[in-house]
Amino acid sequence: MESRFDHLKYEGQIYKSWEKGGCFIPKKIVRGTLPYSIIMPPPNANDDLHVGHARFLTIQDILIRFYRMRGYSVLWLPGADHAGIETQYVFEKKLAAEGKSRFDYSREELFESLMKYTLNYKGIMENQIRAIGCSCDWTKSKFTLDKDIINIVYKTFKKLYDDGLVYRGETTVNYCTKCGTAFSQLEVNHSEEEGFLYTIDYGSIKISTTRPETIFADSAVCVNPKDERYKKYVGQEALIPIVNRKIPIIADQVVDIEFGTGALKVTPAHDFTDFEIGRNHNLSYISVIGLDGRMINVPPKYVGKKVLSAREMVIKDLKKEGKLVSEKKNTHVVGRCYRCNSLIEPMVLKQWFIKTDKLSALALSAINQKQIKFDIKKYEKIAKNWLKNLKDWNVSRQIVWGIQIPAWRCNKCMEWTITEGETPSMCPKCGHTELKRDPDTFDTWFSSGQWPFATLLSLDESNKKDFSYFDYYYPTSVMETAYDIIPFWVIRMIMLGIYATGSVPFKRILIHGLVRDGQGQKISKSKGNVINPLVMIEKYGADALRSGLIWGALVENDISLSEEKIRAQRNFANKIWNIARYISQGTDEVKIRSRAPKSSLEADVKIIKKLKNTARSITRLIEKHRLNEAIEKLYNFIWKSFANEYLESTKTRRKESQKILEYVLQESLKLVHPFMPFVSEAIWGEVFGDKKKGLLIEQRWPVNL
RNA sequence: GGUCGGUUAGCUCAGUUGGCUAGAGCAUUCGGCUUACAUCCGAAAGGUCAUAGGUUCGAGUCCUAUACCGACCACCA
């Protein structure tokens, strides 16, 4: 053995021998073997892995290796996410760099290019998962656009439709004119920005607005019923300048008396609040902004102008007419697209909605009845809070890259037909044979919300034998994911899982915190504090990165990661290596022992006892998902108790203690393995190596020593 | 405005149902190339656990209030 552990020499080759040896594939299930399963949250196949991925992959791999060594039938199912809008956004950026845009391609061409792009990244990403050392079963890997997955998603949508939980609604959506799609409320970033508040003369009343270009879309002027200044005007009419159209003056308590003039122009087509007012007062609405962000249904001179230039024109014209009363600086909150940062336009569109009240009730009761247990109470609170306040879910997205909604509309009777994916030959309502498919695709969270059962069911479809993966592994043991996607993903998996299968999708939920830099700051490209996991693996080894990602902070909390921390863990790996090196130098052949060698020497008895206690408490800690404590115990035992105390004490009586040293090393390596799989396997190979004895990954976890 | 957190050594964090003479890693200081490892060994220094009250034989740990920091959500035309 060399004096230092050379991770570059061992990691690649060890991983290959694991994968080739089928070590990640669940063993044949014998009677009484307990299942342990985790469905890997599929990383987006559009970029390199970042440290956040590395953290959750590490956490899951520790659990997986631990339970595998304990004799469970372990399934860790990997996957890749097509990541709809995100991928299309990244891809379009690439097109733009080549001087092209999505409009240069047909739907089919665009889809095909995106597929090629994504599958390429999927391969890259999978190799990065391998580099981290993840022992997932690659033979069962799933992609969110696999045909069998899509079929299951269609079935669920049809079932929802048949049960009356899907409707086509007209409502205000957050529309990004640049991305060309609507977003859910969760996909919009709000920011405070400087702008102007204009006061405009509407005849008998003056109103305040930040968006004068939408005056053409006004349906009413609204005041607060308690506002003494305006009581007398309610029921009368106001006059929109420039076009001189009359609109009613109404009263509603949503109006803030203090703000502006206390009178609000109601524009149902382009504002969320106004849409509600319009609905409550039975107002009609007029759209004046098209999906391309240009003006429509307005006097000819404004048609085709972009929103901001139309605003300037309107202000100019108002001034000319003397209708602009004032213009004040004003900070207000605007919505911006979370992908491209363009201004979000509220628009009224027809979209597919899923009614969420029944689904969220199912999820809530499953949580309350402890069919699903959150490890961490605060995250249970967050999930429940979301479930209680959920609004109906808009699942339509106007992008190509995704699962196209299986909805067809009859050209004659205009009725919709939903299928499980097959194209209807004629309209079931009127018999007409010309139908047009909705070009929209599903929100990615709608399909990934079905991921736990969709993956397992699809395994059974391609493997219709005597064994059902779904029956055996569902509900899965643990769902392990980040807290920032509780509302997007976790609660939707629970809702859709229970709805589609009648059973919760997983029994336990472990939510992990985010990775921050060494100073606890959020990692971002603009701050320049990005830590590249692949560079760290190259430099210090995968084991060092893995340990650094769980050392010193609870799994559920954010963790600060610095290069110093990773280096410290590299040193730990090297320490273990050198303990083994010392021990292997004391003999020609090391045997694997099934129990501790007998000795009555006090120091020997003490170290064996400590080993037992350490193994016991680490077992308990991993079961409780307290990984930071587990690795700290391990670190302390190996470095302090084993190396510095015991091993040092044996230097004067080398021969007598050799067997004990070998045994403690042997058992320690098993304890190390889930955390640092490469160095432990490398040592196992060097010290205990023998084809007959197998790999460390296949050894049994130390229990009842 | 709503929800959920945090405040413990210079830094980053642990501290499970209250018993701590408050711990770890990194950083610091001093001394060591001792033939496994200088990616090391030995030793040391460093905290009135945000503040104020309360419960208790006993509080970093429970309760109340205050201050500051943070995350997510909503949002005034």
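Within every chain, numbering begins at 1; the chains are lettered A, B, ... in the order of the sequence lines, protein sequences first and strands thereafter.
Using a 4.0 Å cut-off, no side-chain N or O of A:K565 falls inside it from OP1 or OP2 of B:C11. Residue A:R626 has a polar side-chain atom (N or O) positioned under 4.0 Å from OP1 or OP2 of B:G15. The side chain of A:K640 contributes an N or O atom lying less than 4.0 Å from OP1 or OP2 of B:G25. Residue A:T273 places at least one side-chain N or O closer than 4.0 Å to OP1 or OP2 of B:C76.
Salt-bridge annotation for A:R211 and A:E345: present, with a side-chain N of the basic residue lying under 4.0 Å from a carboxylate O of the acidic one. With respect to A:E2 and A:R4, no salt bridge is recorded, no charged nitrogen being found less than 4.0 Å from a carboxylate O. With respect to the salt-bridge test (charged N to carboxylate O, under 4.0 angstrom), the residues A:R653 and A:D604 qualify. Between A:E228 and A:K231 a salt bridge is recorded (basic side-chain N to carboxylate O distance below 4.0 Å).
Looking at heavy-atom distances under 4.0 Å, A:K377 makes no contact with the nucleic acid at all. Across all strands shown, A:S208 has heavy atoms under 4.0 Å from base atoms, whether or not it also approaches the sugar-phosphate. Using a 4.0 Å heavy-atom criterion, one finds that A:G260 contacts no nucleic acid atom at all.
In terms of position on RNA chain B, the residue among A:N385 and A:F272 whose nearest nucleotide sits closer to the 5' end is A:N385.
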Dot-bracket for RNA chain B, please. Rules: Watson-Crick or G-U, both distances under 3.5 Å, ( ) within the strand, [ ] when a pair crosses earlier ones, | for another strand, . otherwise. (((((((..((((.....[...)))).(((((.......))))).....(((((..]....))))))))))))....

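Distances were taken from every side-chain heavy atom of A:E632 (C-beta onward) to each of B:G15, B:A24, B:A77; the shortest belongs to B:A24. With B:A77, B:C4, B:C72 as the choices, the nucleotide that has an atom nearest any side-chain atom of A:F259 turns out to be B:A77. Considering only the side chain of A:V255, B:A77 comes nearest among B:C4, B:C72, B:A77.
Between the CD atom of A:E276 and the P atom of B:C75 there is a distance of 11 Å, given to the nearest Å. Put simply, NZ on A:K265 is 14 Å from P on B:C76, counting in whole angstrom units. When rounded to the nearest whole Å, the span between CG of A:N330 and C1' of B:C76 equals 9 Å. At whole-Å resolution of the value, CG in A:L387 and P in B:C72 are 20 Å apart. Rounded to an integer number of Å, the gap from A:I486 CD1 to B:G5 C1' is 12 Å. Rounded to a whole Å, the CG atom of A:N389 is 13 Å from the C1' atom of B:C4. For A:L549 and B:G25, the CG to C1' distance is 15 Å, given to the nearest whole Å. In this structure, A:N557 atom CG and B:U7 atom C1' are separated by 13 Å, rounded to whole Å.
For the residue pair A:D543 and A:H7, no side-chain donor N or O sits within less than 3.5 Å of a side-chain acceptor on the partner. Under the 3.5 Å distance criterion, with hydrogens and angles disregarded, a donor-acceptor pair is assigned to the side chains of A:E662 and A:Q658. A donor and an acceptor atom, one from each side chain of A:N224 and A:Y230, are nowhere located under 3.5 Å apart. Side-chain contact of A:Y198 with A:N330: a donor-acceptor pair under 3.5 Å is absent, judged by distance alone. Under the 3.5 Å distance criterion, with hydrogens and angles disregarded, no donor-acceptor pair is assigned to the side chains of A:E681 and A:Y10.
With C1' as the reference atom, B:U17 and B:G60 are 16 Å apart, rounded to whole Å. B:C75 sits 35 Å from B:U8 when the P atoms are compared, rounded to a whole Å. The P atoms of B:G42 and B:C37 are separated by 15 Å, rounded to the nearest whole Å. Nucleotides B:G58 and B:G19, compared at atom C1', are 7 Å apart to the nearest Å. Using C1' as the reference atom, B:C62 and B:A43 are 40 Å apart when rounded to the nearest Å. Across the P atoms, B:G5 and B:A24 are found 30 Å apart, a figure rounded to whole Å. Comparing the P positions of B:G46 and B:C41 gives a spacing of 24 Å, expressed to the nearest Å. The C1' atoms of B:U48 and B:A9 are separated by 13 Å, rounded to the nearest whole Å.
Because its NZ or CZ atom is both nearer than 6.0 Å to the ring centre of A:W393 and within 45° of the ring axis, A:R492 counts as a cation-pi partner of that residue. Cation-pi contact between A:R654 and A:Y582: present, with separation from the ring centre below 6.0 Å and deviation from the ring axis of at most 45°.
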Going 5' to 3' through nucleotides 31-40 of chain B, assign each nucleotide B (protein heavy atom under 4.0 Å from a base atom), S (under 4.0 Å only from sugar-phosphate atoms) or - (no protein heavy atom that close). -----BB-BS

